[in-house]
Q: 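Structure below; questions to follow.
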Amino acid sequence: MDSTATASLASLWDEVSGTQPDPDLWVVIATLGAALAVVIPHSLWRISRNAITIAHEGGHGLVALLTGRTLTGIRLHSDTSGLTVSRGKPHGIGMILTAAAGYTAPPLLGLGGASLLGSGRITLLLWLATALLLTMLVMIRNAYGALTMIVTGGLFVLVSWLAGPQVQAAFAYAVVWFLLIGGVRPAFELQAKRARGGAGDSDADQLSRLTHVPAGLWFFLFHAVSLCSLIGGGRWLLEM
């Protein structure tokens with residue numbers, strides 16, 4: 001019995017950690033087009049931006065934990081805003097890294113995903129994403145956020161367990177393209193909102209107060225990370 005279970009676990013690990021064939025180039029291009037189609041039009045972006053908010057708030061939460069802070073909860077709102085609350089020192093490197101993680105998380109996740117896809121690890125990417133979403137669900141503290149996480153996580157579970165290799169590949173590439181492209185837009189939107197006198201307590205403003213570095217330099221960092229991730233990740237995805 002034990003040997004059978006061990007063999008099954010070993011087989012499952014081999015499946016998850018192994019490599020899968022690259023999709024055809026037309027699939028990569030089609031998923032790029034699909035990502036652009038849900039990021040560029042404002043009407044669709046208002047809906048799809050919820051997924052970027054998940055990555056944004058998840059970035060805050062993950063870095064808070066990694067820096068020794070106590071994560072108390074995450075909220076996702078229907079206007080695509082979010083809030084991550086953690087306890088710990090209100091200053092210092094842990095707080096700075098936690099605040100900086102939001103706008104940099106989606107493009108960096110996209111870059112990491114592109115690296116996995118570039119090495120043929122489609123299944124591993126899907127399983128890691130599913131695990132992260134299910135873990136984040138535990139920390140959600142409002143109904144809309146829980147519904148959003150259940151729908152998103154459920155989609156990943158269905159694709160990971162029930163879809164065929166070609167569908168899994170197309171889905172994985174679409175998700176990574178979306179993170180890379182969708183990760184660019186929020187910082188520009190926030191900067192435009194601040195120019196109109198809004199968003200006075202944005203991540204950039206919090207970082208400015210924490211570090212005494214002008215908010216404009218933090219925006220430069222957000223833009224640099226997102227654009228470099230898009231360029232680097234895009235190259236990995238297009239190298240067949």
Q: Using a strict threshold of under 4.0 Å (side-chain N to carboxylate O), is an ion pair present between Asp79 and Arg49?
A: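 A salt bridge is absent here (no side-chain N lies under 4.0 Å from a carboxylate O).
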
Q: Under 3.5 Å, is there a donor-acceptor pair between the side chain of Trp177 and the main chain of Val28?
A: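 Answer holds: yes.
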
Q: Looking only at heavy atoms, what is the nearest atom pair of Ser229 and Leu180, with distance?
A: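 Ser229 and Leu180 have their closest heavy atoms at O-CD2, 3.3 Å.
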
Q: About how many Å separate CD1 of Ile54 and CD1 of Ile140, when rounded to the nearest 0.5 Å?
A: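 If I round to the nearest 0.5 Å, the distance is 7.5 Å.
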
Q: I need the Leu76 CG to Met149 CE distance, nearest 0.5 Å.
A: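 Between Leu76 CG and Met149 CE, I get 7.0 Å after rounding to 0.5 Å.
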
Q: Could you report the tightest heavy-atom contact between Arg194 and Ser202, atom names first, then the distance?
A: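 Heavy-atom minimum between the residues: CD-OG, 3.7 Å.
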
Q: Answer yes or no: are there more than 12 heavy-atom neighbours, outside Arg141 itself, under 6.0 Å from its atom CZ?
A: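 Count over threshold, so yes.
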
Q: Using modelled atom types and a 3.5 Å cut-off, is there a donor and acceptor pairing between side-chain atoms of Gln168 and backbone atoms of Val159?
A: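 Side chain of Gln168 to backbone of Val159, a donor-acceptor pair under 3.5 Å: yes, one is there.
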
Q: Looking at side-chain heavy atoms only, is the closest gap between Leu134 and Phe156 below 4.5 Å?
A: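 The answer is no, as the side chains (C-beta and beyond) never meet within the 4.5 Å cut-off.
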
Q: Under a 3.5 Å cutoff, is there a donor and acceptor pairing between the side chains of Ser208 and Asp205?
A: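 No donor-acceptor contact under 3.5 Å links the two side chains.
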
Q: Can you tell me if Asn50 uses its side chain to pair, donor with acceptor, with the backbone of Ser78 under 3.5 Å?
A: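 It does not hold such a pair.
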
Q: Could you tell me if the side chain of Asp203 sits less than 4.5 Å from the side chain of Tyr103, heavy atoms only?
A: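 Side chain of Tyr103 against side chain of Asp203, heavy atoms only: contact under 4.5 Å found.
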
Q: Rounded at 0.5 Å granularity, tell me how far CD1 in Ile52 sits from CG in Leu179.
A: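 Going from CD1 on Ile52 over to CG on Leu179, the span is 5.5 Å.
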
Q: Would one find more than 12 heavy atoms of other residues, nucleotides or ligands at under 6.0 Å from atom CZ of Arg46?
A: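 Not more than 12 within 6.0 Å, no.
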
Q: In terms of side-chain heavy atoms, does Trp218 have a donor or acceptor partner in Thr211 at a distance below 3.5 Å?
A: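 There is such a pair between these side chains.
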
Q: Just so I know, are the side chains of Leu237 and Val176 near enough to count as touching, which here means a heavy-atom distance under 4.5 Å?
A: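 The answer is yes; the side chains approach within 4.5 Å.
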
Q: Classify the angle between the aromatic ring planes of Phe178 and Trp45 as parallel (below 30°), tilted (30 to 60°) or perpendicular (above 60°).
A: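 Ring orientation, 0 to 90° scale: tilted.
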
Q: Which pair of non-hydrogen atoms, one from Ala172 and one from Leu125, has the smallest distance, and what is that distance?
A: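 It is CB-CD2, 4.1 Å.
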
Q: Heavy-atom distance under 4.5 Å between the side chains of Arg75 and Tyr144, does that happen here?
A: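 A side-chain contact under 4.5 Å is absent here.
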
Q: Same hydrophobic cluster for Ile150 and Leu133, using side-chain heavy-atom links shorter than 4.5 Å among ILVMFWY?
A: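 They do share one cluster, since a chain of ILVMFWY contacts under 4.5 Å joins Ile150 to Leu133.
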
Q: Under a 4.5 Å cut-off applied to non-hydrogen side-chain atoms, are Thr70 and Leu65 in contact?
A: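 Thr70 does not reach Leu65 side chain to side chain.
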
Q: Side chains of Leu230 and Pro107: closer than 4.5 Å at any heavy-atom pair?
A: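 Contact flag for Leu230/Pro107 side chains = no.
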
Q: Within this structure, what is the NE2-OG1 distance for the pair His77 and Thr148, rounded to the nearest 0.5 Å?
A: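 Going from the NE2 atom of His77 to the OG1 atom of Thr148 covers 10.5 Å.
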
Q: Between Ile29 and Leu238, is any pair of side-chain heavy atoms under 4.5 Å apart?
A: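 They are in contact (side-chain heavy atoms under 4.5 Å apart), so the answer is yes.
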
Q: Consider side chain to side chain contact (heavy atoms under 4.5 Å, CB included). Of Ile93, Ile96, Thr98, which one does Leu210 pass it with?
A: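 Running side chain to side chain contact (heavy atoms under 4.5 Å, CB included) over Ile93, Ile96, Thr98 with Leu210 returns exactly one hit, Ile96.
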
Q: Would a distance-only check, ignoring hydrogens and angles, find a side-chain to backbone donor-acceptor pair under 3.5 Å from Arg185 to Ile40?
A: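 Side chain of Arg185 to backbone of Ile40, a donor-acceptor pair under 3.5 Å: yes, one is there.
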
Q: For the pair Arg69 (side chain) and Lys89 (backbone), establish whether a donor and an acceptor sit closer than 3.5 Å, ignoring hydrogens and angles.
A: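 Yes, the answer is positive, given that a donor and an acceptor are paired below the 3.5 Å cut-off.
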
Q: According to a hydrophobic-cluster definition based on side-chain heavy atoms being under 4.5 Å apart (Ile, Leu, Val, Met, Phe, Trp, Tyr only), do Leu128 and Leu155 belong together?
A: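 Both belong to a single hydrophobic cluster.
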
Q: If every non-hydrogen atom of Gly59 is compared with every non-hydrogen atom of Ala105, which pair is closest and at what distance?
A: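 What the structure gives for the nearest pair is CA-CB, 3.7 Å.
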
Q: Membership question, hydrophobic clusters at under 4.5 Å side-chain separation (ILVMFWY): are Val63 and Met136 in the same one?
A: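 Different clusters.
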
Q: Take the angle between the ring planes of Phe219 and Phe222 and call it parallel below 30°, perpendicular above 60°, tilted in between.
A: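 Perpendicular.
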
Q: Does Glu189 have more than 12 heavy atoms from other residues, nucleotides or ligands lying within 6.0 Å of its CD?
A: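 For Glu189, atom CD is crowded (more than 12 foreign heavy atoms under 6.0 Å).
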
Q: So, the side chain of Ser119 versus the backbone of Leu116: is there a donor-acceptor pair under 3.5 Å, distance only?
A: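 Checking the backbone N and O of Leu116 against the side chain of Ser119, a donor-acceptor pair under 3.5 Å is found.
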
Q: Can you check whether Val27 reaches Gln166 side chain to side chain, under 4.5 Å on heavy atoms?
A: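 They are not in contact (no side-chain heavy atoms under 4.5 Å apart), so the answer is no.
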
Q: Please check if the side chain of Ser86 supplies one atom and the backbone of Ala64 the other of a donor-acceptor pair under 3.5 Å.
A: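 No, the answer is negative, given that no donor and acceptor are paired below the 3.5 Å cut-off.
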
Q: At their closest point, which heavy atom of Leu111 faces which heavy atom of Gly232, and how far apart are they?
A: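 Here Leu111 and Gly232 meet closest at CD1-C, 4.1 Å.
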
Q: State whether the side chain of Gln20 and the backbone N or O of Ile122 hold a donor-acceptor pair below 3.5 Å, judged by distance alone.
A: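 Between the backbone of Ile122 and the side chain of Gln20 there is a qualifying donor-acceptor contact (under 3.5 Å).
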
Q: Identify whether Leu132 and Ile74 are in the same connected component of the hydrophobic contact network (ILVMFWY, side-chain heavy atoms under 4.5 Å).
A: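 Shared cluster, no.
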
Q: Looking only at heavy atoms, which two atoms of Ala174 and Ala35 are closest? And how far apart?
A: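 What the structure gives for the nearest pair is O-CB, 4.4 Å.
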
Q: Look at the side-chain heavy atoms of Ile, Leu, Val, Met, Phe, Trp and Tyr, link any pair under 4.5 Å apart, and say whether Ile231 and Tyr173 land in one connected group.
A: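 The answer is no; the residues belong to distinct hydrophobic clusters.
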
